[in-house]
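Written below as structure tokens is the structure these notes are about.
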Amino acid sequence: LWPWLLASSGLSALVQLVTLPFFPDSPSYLLIQKGNEEACRKAIRKLWGEGDHQAEIDDIMKEKGAMASTKTLRVLEVIKERSLRWQLYILVIVMTTLQLCGINAIYFYSFEVFHTAKFEEYLIPYVSLGVGLCECLSSILCSTLIDRFGRKVLLWGGYLLMGSVLALLTMTLSLQHRFFWMHYFSVILIFLFVVFFGIGP
């Protein structure tokens, strides 16, 4: 079953490969990058139907003017630019915490936790698949919550809840040889951690 599951990702790639030539180019790409206003109008008509789309073209022209007046910075120039310093710090911190938040360790050790929880050998891959599905669904949920609560609340809340779950998971894994039900609690915590990861970071 796993070879078929892995091969299924090629199906979406095949669909894209077949259908992509029939999609129009982006109007902004045609006007800004290519400088072809007629092709831009044609793409707009194909996307939005017939009508007067001069307002959209004017917006794209304004964007083109703004891009022309903006200087493109190299990596070292971005690092040296004082006005971008705080944005750079925030970006580095967010990316670093994303790598060190523990999600990779959870995925790496989840098989062993499921095995210790006395799951049947043939069921463990499906439980692991459930963990991945859980992350996918929580990411979809995040897209609906982000407009209501904002990124900052979701990031802080996500990391706070993930840290709490990791602390509890450390405790349950340490006590799993004393209490038989700790194994199942560890499994629940793994799923919760993945949910909070998908909603937050």
(message) Are the side chains of Cys40 and Ile44 in contact, using a 4.5 Å heavy-atom criterion?
(response) yes
(request) Just grab all the salt bridge (charged side-chain N to carboxylate O under 4.0 Å, His left out) pairs involving residues 13-40, residues at least two apart or on different chains. (result) Glu37-Arg41, Glu38-Arg45
(message) Can you list everything that forms a side chain to side chain contact (heavy atoms under 4.5 Å, CB included) with Phe179? Sequence neighbours excluded, please.
(response) Leu175, Trp181, Met182
Please table the atom pairs, donor to acceptor, closer than 3.5 Å between any side-chain atom in residues 140-147 and protein atoms at least two apart or in another chain.
unit_1, atom_1, unit_2, atom_2, d
Ser143, OG, Ile140, O, 2.5
Thr144, OG1, Leu141, O, 2.5

(message) On a heavy-atom basis, which atom in Val195 and which in Cys134 lie closest, and how many Å separate them?
(response) CG2-SG, 3.2 Å
(request) Not counting sequence neighbours, which residues clear side chain to side chain donor-acceptor pair (under 3.5 Å) with Ser138? List them please. (result) none
(request) Could you identify which residues cluster with Tyr29, counting Ile, Leu, Val, Met, Phe, Trp and Tyr as linked when any side-chain heavy atoms lie under 4.5 Å apart, either directly or through a chain of such contacts? (result) Leu30
(request) List for me each residue that meets side chain to side chain donor-acceptor pair (under 3.5 Å) alongside Ser83, sequence neighbours excluded, and say none if there are none. (result) Glu81
(request) May I have all residue pairs that pass side chain to side chain donor-acceptor pair (under 3.5 Å) and include part of residues 101-110, sequence neighbours excluded? (result) Tyr107-Glu135
I'd like a table of donor-acceptor pairs (distance under 3.5 Å, sequence neighbours excluded) in which one partner is a side-chain atom from residues 154-170, with atom names and distances.
unit_1, atom_1, unit_2, atom_2, d
Tyr159, OH, Thr97, OG1, 3.0
Tyr159, OH, Leu98, N, 3.3
Ser164, OG, Leu160, O, 2.9
Thr170, OG1, Leu166, O, 2.8

(request) Would you please name every residue forming a side chain to side chain contact (heavy atoms under 4.5 Å, CB included) with Gln87, sequence neighbours left out? (result) Leu84
(message) Apply the hydrophobic cluster definition, ILVMFWY joined by side-chain contacts under 4.5 Å directly or through others, and give me every member besides Tyr89.
(response) Trp86
(request) Go through the structure and list residues passing side chain to side chain contact (heavy atoms under 4.5 Å, CB included) with Val113, not counting sequence neighbours. (result) Leu173, Ser186, Val187, Ile190
(request) Please write out which residues are connected to Phe23 in a hydrophobic cluster, directly or through intermediates, given that two of Ile, Leu, Val, Met, Phe, Trp, Tyr count as joined at side-chain heavy-atom separations below 4.5 angstrom. (result) Leu20
(message) Within the structure provided, determine whether Ile103 and Phe193 are in side-chain contact (heavy-atom separation under 4.5 Å).
(response) yes
